Amino acid sequence: MTQVRTRFSPSPTGALHLGGAHTALFNWLYARHFGGVFILRIEDTDRERSQEKFVEEIQESLRWLGLNWDEGPYRQSQRLDIYHEYVKRLLDSGHAYCCDCDPEDLETRRQAALAKGEKPRYNRRCRERGLAPGPGTAVRFKTPETGTTHWQDRIKGHIAFDNQELDDLVIMRADGIPTYNLAVVVDDITMRVTHIIRGDDHISNTPRQILIYQAYGVDPPEFAHMPLMLGKDRTKLSKRHGALPVLAYREQGILPQSLNNFLARLGWSRGDQEIFSMAELIEYFDLDHVGKSPGVFDQEKLLWLNSHYIKVTPPRELAALLTPFLAAIGVENPDPDYVARIVPTLNKRSKTLVEMADAARFYFLDPRPYDEKAAKKFLTPASVPLLRETAARLSALQELSEESLTDLLKDICADKGCKLVDLAQPVRVALTGKSASPSLTELIPILGKEECLRRLNNAINSVAES
RNA sequence: GUCCCCAUCGUCUAGCCUGGUCCAGGACACCGGCCUUUCACGCCGGCAACACCGGUUCAAAUCCGGUUGGGGACGCCA
C-alpha cells in the first residue's frame, strides 16, 4: 500500500478559524494514523486578499494545537512556473482554450441569470475560436458536454454530477495566475496527495477537479468531504456565533488538548467515548466513523472538556500553562514551585485558565479591597471575636496541616458554640477577600502562618474602621 | 431558481451498511438529591429524540420511494 499523504491547504485571507482547525485536525489524524505524511500548503493565489501575517498566524495556530506538518509550507504563489507548464499541457492536448471575454460583461450576465432564477453558466463563446494565449486572455477548461462525473466519497458515499451542470471554468486568469481548481489539482498531483479531506462545501468543486485529473491522465485521489460545522442557528459557523480564531481560544485559557478533543468528536466518534488523548485519537481515528450530517459548535461542551483537562493535567505542567495568565492579573515571574502548589486547590473550580488565574489572585496579592457583599455579610462586629480567636490559635499552632487546621477550626466552634460555617466564612473573606474559595485547610498552609495572621488582623481592623 | 449534500434527545452522538437483542444507549446542558467550612469536584437520580407520508417485510431508527425541513455550491474567490 502506498504511503498516505494528506494536506491542509488554507488560504491566508484571515486567521485560522474553528472550521479550518477541524479539517486540519482530521487530515493530520488520518496521516498520523497511517504513519503517513501531513503537508501544509498555503493557497495564496488570491493576491488581493492574501496577507503574510495570516500565513504566520495559521502556522502559529497549528503549532499551538500540536498539528505538526512534515512538508511545507508550500506556497502556491511560488509555484507559478509549474502551473503554467500544466496549463500549457492542457492547451496542447485540447482540454483547454483561451478566452478573451470581458470579465465585467460576464459578471453582468451572471447577475442577470441569478436574478432570473437560472443557473449562471458561461456561454462558451470562445470554446471553438482557437484564440492564442496572450495578454488579456484567460484560459478555460473544456468541460465535456455530456456524461456524468462521479466518485465514491469516503464519507458521503457515491456522488454524481451531470457534466452538463458544470461549465467551462477559468483555470488561469488573464494575469497569468491560476485559479483555485487548477492549482489544487496540480499541487495534489505533484505533491502526490492520496487523500483529500476537506469541508463538504467543496463537493461541487470535486467533479471539476476530477475532470482535470482525467485530462492529465492521472487517477484522482480519494475524496472525503466532511460535514461543515455550523453555528447555533445552523448556518455556516461565523463570528456572529461566537466562534473565534483558534488563537483566541488560547487567550481565553482553553487548552489545546480540549480543542482537539472537541473538534475530533464533532463529526467523528468511537462508541460512547468522549475523552481522547492525542495518542488515542491517532490510534482510533478513521474515515468510516465520520458522520455525514453537520454539527453545531457547542461552547458548553468545549468548556466541559477544558475543565476536565484542567483537572487531569499534572500540576507542574498546568502551572507552566497558567503562568502567562497570572501575568495578566499583575503577577510577574511567580515561583514555579509555588504555582504548582496552588494548582491542585484551583483545578476543580476552573473551567479556563483565565478563571483559574482570577481565582488564584489572593495567593499572590492582598485580598483587600474585599468583595463588597462578602465583607458586608461576613466581616461583622460579631465575627471579630472569632477572627481573634482564630488568629490566636493559629499563631500557637506548631504544624500547619489539613488535619491540624481542621481540628483548630472545630475546636474554636466547640468552644464558641458556633457552627463551622459561621467561623469559616469570616475567615475565608479575611484571607481571600471572597466568600468562595478553595478549602481553608488547604489554602492556609500555602499562604503560610505569618501571612494568614497578617490578613486576619487586617480584617479585624477593617471591621473596627467601618 | 438550478445542482449537490444532510435529517436520532436543546446540543455532540451510538445504533443504520450486515432489519428483530432499541417502548433507542452515552455525553454536554438543564432539573432534583447526596456529600460538604464556601464555591466547586464527585456520586446518585430525572427530563428529553428515531422529521413526515407511503412501500418492502412476520418484523424498520435500520432497506426503498416521495414530501417537508435544513445546509452548501453556483466567480478571471478559495
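All chains are named by letter (A, B, ...) in the order of the sequence lines, taking the proteins before the strands, and each is independently numbered beginning at 1. Keep in mind the model is a prediction, meaning the values are calculated, not measured. Excluded from the calculations below are hydrogen atoms, water molecules and symmetry mates; all remaining heavy atoms, backbone and side chain alike, are included.
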Exercise. Hey, does A:Glu165 reach any base, or is it just sugar-phosphate, or nothing, if we go heavy atoms under 4.0 Å?
Worked result: sugar-phosphate
Exercise. Phosphate oxygens OP1/OP2 of B:rC39: is one of them under 4.0 Å from a side-chain N or O of A:Ser439?
Worked result: no
Exercise. Heavy atoms under 4.0 Å, any strand shown: does A:Thr441 hit a base, just sugar-phosphate, or nothing?
Worked result: base
Which side-chain N or O atoms in residues 356-365 of chain A pair as donor and acceptor under 3.5 Å with protein atoms at least two apart or in another chain?
from, atom 1, to, atom 2, distance (Å)
A:Asp358, OD1, A:Arg361, NH1, 2.5
A:Tyr363, OH, A:Thr345, OG1, 2.8

For this session: Would you kindly check whether a donor in the side chain of A:Asp200 faces an acceptor in the base of B:rG72, or vice versa, at under 3.5 angstrom?
Result: no
Exercise. For the side chain of A:Lys449 and the backbone of A:Leu397, is there at least one donor-acceptor N/O pair under 3.5 Å apart?
Worked result: yes
Exercise. Could a donor-acceptor pair under 3.5 angstrom be found where the side chain of A:Gln273 meets the base of B:rG26?
Worked result: no
Exercise. Is A:Ala160 touching bases, backbone alone, or none of the nucleic acid, heavy atoms closer than 4.0 Å?
Worked result: sugar-phosphate
Exercise. In residues 259-269 of chain A, what residues come within less than 4.0 Å of RNA chain B, judged by heavy atoms?
Worked result: A:Arg265, A:Leu266, A:Gly267, A:Ser269
For this session: Tell which nucleotide pairs with B:rG42, taking only Watson-Crick or G-U wobble pairs whose two distances are both under 3.5 angstrom.
Result: B:rC34
Exercise. Strictly under 6.0 Å, is that where the ring centroids of A:Phe276 and A:Trp268 end up?
Worked result: yes
For this session: Nearest-nucleotide wise, let me know which of A:Gly271 and A:Ala424 is further upstream toward the 5' end of RNA chain B.
Result: A:Gly271
For this session: Find the partner of B:rA51: check Watson-Crick (N1-N3 plus N6-O4 or O6-N4) and G-U wobble (N1-O2, O6-N3) distances, both under 3.5 Å, and reply none if neither fits.
Result: B:rU67
For this session: Compare side-chain N and O positions of A:Lys292 against OP1 and OP2 of B:rC6 and report whether any pair is under 4.0 Å apart.
Result: yes
For this session: Measure from the ring center of A:His195 to the ring center of A:Phe26 and say whether it is less than 6.0 Å.
Result: no
Exercise. side-chain contact (heavy atoms from CB on, under 4.5 Å) with A:His225: which of A:Ile197, A:Val290, A:Ile203?
Worked result: A:Ile203
Seminar exercise, completed: Assert: residue with more 5' nearest nucleotide on RNA chain B, out of A:Trp304 and A:Ala138, is A:Trp304
